[in-house]
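Here the structure comes first, spelled out in structure tokens, and everything after it is commentary.
Letters go in sequence order (proteins before strands), and every chain restarts at 1.
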There are 2 protein chains.
Amino acid sequence: MRYPRRVPRSGAEARRRLQQAALELYRERGFDQTTTAEIAARAGVNERTFFRHFPDKREVLFDGEADLRAALARAVAEAPADLQPLEILLFAFRKVERILEDNRPFAEPRLHVIAVTPALRERDLAKTASITEAVAEALRRRGVTDRLAGLAAHTGWAAFHQAIQSWIDDSSQSLDAHLLQAFDDLRALSATAPPAQARPGD
Amino acid sequence: MRYPRRVPRSGAEARRRLQQAALELYRERGFDQTTTAEIAARAGVNERTFFRHFPDKREVLFDGEADLRAALARAVAEAPADLQPLEILLFAFRKVERILEDNRPFAEPRLHVIAVTPALRERDLAKTASITEAVAEALRRRGVTDRLAGLAAHTGWAAFHQAIQSWIDDSSQSLDAHLLQAFDDLRALSATAPPAQARPGD
DNA sequence: CTACTTAGTGCCAGTCACTGACGTAACGCG
DNA sequence: CGCGTTACGTCAGTGACTGGCACTAAGTAG
């Protein structure tokens, strides 16, 4: 009787409850000190149901990354044709900022838990890599050279990541402002790039 | 009696045997289809001993990353004083190339297993992040701005990583040649960086 | 040669993440 | 109302990982 009868058996409902319960417990007593059984209990479902909705204990905090990835890939594809690789990325990041800004109430505690939990940081890095690869692929579809696409995606994401961190630390400015700042930094960095060198193979 | 009596009880010995056995089994039947008990059995030790040498089933393939991290940090610290951030990194990467080149016989199958195993790719990304952070810290110690250091480390590592991939795919050229190529690409990318923009906050 | 110390190991019991199989309750539809 | 589909509960397992304790092979001091 732990499951409210009035609630329709929607699946999405249990899913949301599990995510909420997991985030709460991870914050209260830490990721390692939380069992999947406890999460399920707080969400009012069976432990088995937890694993029907999420492949593992970590993934419960990483829902929606697929959406971000898809949105970024689409934004890259739709960017104006006359832009250079990094300009395309700046355009794309600015276009998906809203997804993060609207999600801040959930995103902030989530980022905190991830930051203090090695296992979750690992998963976060994997998600980042997945997104970066999707962005690189989107760039290639626009005709950007193979090697250059991967490099640009990594570099651009580094700036984006930098912006998000600054935004979390200093919410007095918008994420957009932090993003533009980060790309300015990137420009400064580029200005100090090492000069071309003679290669042994040449 | 599975443990040869002539072999001194050195610890390092068992450690090496476990690494070898793990790599073999992961290649033969896959990471997920291999149990830690099987690894221990092939190495001629108890399963418990496996976990005394390695914190988990993955880490057995990631020994030595700490050495690479330390070597890179040292190389960054010892780079000529008049270099710019990315020049410092190129200098540092060229200095530690040998570590990878000497290890190729072990590194190649290892990279293959990692490439086809999601769980191992995750751990690999975590190691990469750890190294990147150490490099950024080393840059900061040289007086590089906080934000710039992280950005430079990420960007530089992206080039290094790119070089390693190219090197694995095409061993006809040295790792050094691939590395110089990657940094040339980086320079080309920099040349197309988006121009400074007016920021709302200004 | 003995006693003491230290490191590396074997063995055992236990927790917990995760899975497969099977039965059941809640819908959606004709 | 019957009926298929979907989400869920229950149970029995496998395997990664841990703590505790005893044992054995060194080295070291006396």
Interatomic distance, B/R29 atom CZ to B/E24 atom CD [nearest 0.5 angstrom]: 11.0 Å
Reported CZ-to-CG distance for the pair A/R94 and A/L175, which is rounded to 0.5 angstrom: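 The CG atom of A/L175 is 10.5 Å from CZ of A/R94, to the nearest 0.5 Å.
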Sequence-aligned protein contact record of nucleotides 14-21 of chain D, with B where the base is within under 4.0 Å of a protein heavy atom and S where only the sugar-phosphate is: --SBBBBB
Answer yes or no: does a side-chain N or O of [X] lie under 4.0 Å from OP1 or OP2 of [N]?
X	N	value
A/H53	D/dA7	no
A/N46	D/dT10	yes
A/T49	D/dA7	no

Reference residue A/F160; test ring-ring contact (aromatic ring centres under 6.0 Å, His included); the match among A/F183, A/W167, A/F93: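 Looking at A/F183, A/W167, A/F93, the match for A/F160 under the ring-ring contact (aromatic ring centres under 6.0 Å, His included) is A/F93.
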Stepwise side-chain contact (heavy atoms from CB on, under 4.5 Å) test for A/R15 and A/F54: CA-CA 9 Å; A/R15 194 181 179 82; A/F54 306 100; 3.7 Å; yes
Output the rounded distance in Å from [atom1] ([X]) to [atom2] ([N]).
X	N	atom1	atom2	answer
A/Q33	C/dC16	CD	C1'	13 Å
A/L18	D/dC8	CG	C1'	12 Å
A/I39	C/dC16	CD1	P	13 Å

Under a 3.5 Å distance rule, please check whether [X] uses its side chain to pair with a backbone N or O of [Y] as donor and acceptor.
X	Y	result
B/R110	B/L61	yes
A/R141	A/A77	no
B/K95	B/A79	no
A/S166	A/Q162	yes
B/N103	B/F106	no

Estimated bend of the helix from C/dC1-D/dG30 to C/dG30-D/dC1 (axis per five terminal pairs, rounded to 10 degrees):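 Answer for the end axes of this duplex: 10°.
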Pair B/E133 + B/R140: basic N to acidic O under 4.0 Å: yes
Any residue of residues 123-130 of chain B with a heavy atom less than 4.0 Å from an atom of DNA chain C: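 Heavy-atom cutoff 4.0 Å gives no residues at all.
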A/Q165-A/D169 side chain donor-acceptor pair, cut-off 3.5 Å: no
